[in-house]
Amino acid sequence: MTTTDLLPAPPPHAAARRALLAGSAGNLVEWYEFGVYGCFATVIAANFFSVPGGSGAGAAAEGAGPGAEALVATYASFAIAFFFRPVGALLFGRIGDRFGRRPVLVLVIGLMTLATTLIGLLPTRADIGAAAPWLLTFLRVVQGLSAGGEFGGAVSVMVEYAPPGRRGLYGAWQSFTVALGLLAGAATAAALATVLPAAALYAWGWRIPFLLALPLGLIALWLRTALEEPPGAPPPAPPPAPGTAVTAGEATAPARTGTVREQMRAVGLGIGRIMGWSAAGYTFLVVLPSHLQSALGASFRDALLATTLVNLGFAAAILPAGLLSDRVGRRPVMLGGALGVAVSAFPLLHVLQSPGASPQTRAAAVLAAGALVGLLAGPGPAMLAEMFPRRVRCTGLGLSYALANAVFSGCAGLFVTALTARTGNTAVPALYAATACALSAPALLTLRADDHREPLR
């Protein structure tokens, strides 16, 4: 009997497609909300973080826009959600590794849907005073916890169901639905900005995209409740007996395969490999709208159009990049993306800032920026999944992704906005993205040429 005989049989294609759909649908809803929050950062700043009597919603609707301090506070709330992602990755990753992938996927989409819907119902600072930003921040924390568990569970299901030689493509669907979610958020915001007067948009129109998360989340929840565990999965551990206490360490500690030191080393290496993806992705895909408005004087509609285009470029590159990585390996594709961002970030931003650049040239620049991030995001999920054995895969890859996003994504808006306001240098976004990608390149060089051909552990 050979080693191949001991491996589980490839799953039926119908079951693999169902798993792909269930994982993708929930992931799309999660990232739709993050895209909406980024696009409406200036509106949220005016309604929740502007001091009454200052540049609040009324002044913003008239074109003054929220103050820099209010926008920084909005991105601080954005960053707080990211810093709770590692907690969610540990908590829900442990559940996914111990009790199965389906329970964690159902739980995280339920929490995210509830929190997003409640944001759409929140009273503003003008209604209840200082309690409004605190309530918003609390709901962002709940979203951060659920998003922390989403990546590890969804990627594990997609990659474990993948047919031989297709892990890169299947994992790329996680990133692709991120792009679709961000694109749906940007498109919804752009549509509302087109059909509603500014006063109505700031007064109540911003609530609509958050409330739309409820029906979308219910559909994703229904798909996930019918999901089967990936083939070859060990039986889930039984739940604790009634009356049996579960300690905090048991609830959050990663399952042990090998030494803790080895797993923490793998998590650190994973962070290094995706830090450029995290920083460039959020700088170009989420932070860009408010930066174009606050630093470059673009209109709300023009900023949303640029965001829609950059997300289109991102989405268009992801699946081809994942498929290419199944053929030539993860290293050349991801390294090409990282070096591409490092080299071209400043020229691309210069085109956007140049008054003489034609609309077609600017459109090409933002499409190219999105495509370069897509080269990182396509192979990224499969690359992380291949770093960890099955018993700790949800926890390991989820924690790597959550920590990288907490530091390099969650802080992107806060860092770019605050440093631009302090220095007056409008090239800060390019500096941030290029530096992170340059620092990520040495970690990507440690990838082996045949990692994509090895069976999952």
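Source: prediction; values computed, not measured. These numbers come from the heavy atoms of this one structure, side chains and all, not from hydrogens, waters or symmetry mates.
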So which heavy atom on [X] is nearest to which on [Y], and how close?
X	Y	value
F284	V341	CE1-CG1, 4.2 Å
L399	P86	CD1-O, 3.9 Å
F92	G149	CB-CA, 3.7 Å
L212	P215	O-CD, 3.2 Å
P379	G374	CD-O, 4.5 Å
S440	G272	OG-O, 2.8 Å

Nearest 0.5 angstrom please: [X] [atom1] to [Y] [atom2], how far?
X	Y	atom1	atom2	answer
F151	S400	CZ	OG	9.0 Å
F388	T395	CZ	OG1	9.5 Å
Q143	R140	CD	CZ	5.0 Å
Q360	L367	CD	CG	12.0 Å
L376	R273	CG	CZ	13.5 Å
M112	T117	CE	OG1	11.0 Å

Is the backbone of [Y] close enough, under 3.5 Å, to the side chain of [X] for a donor and an acceptor to pair up by distance?
X	Y	result
R85	G148	no
R224	L105	yes
S156	G153	no
T113	G110	no
Y170	V157	no

Does R331 pair with E386 as a salt bridge, N-O distance under 4.0 Å?
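Between E386 and R331 there is no salt bridge, as every charged N stays at least 4.0 Å from the carboxylate O atoms.
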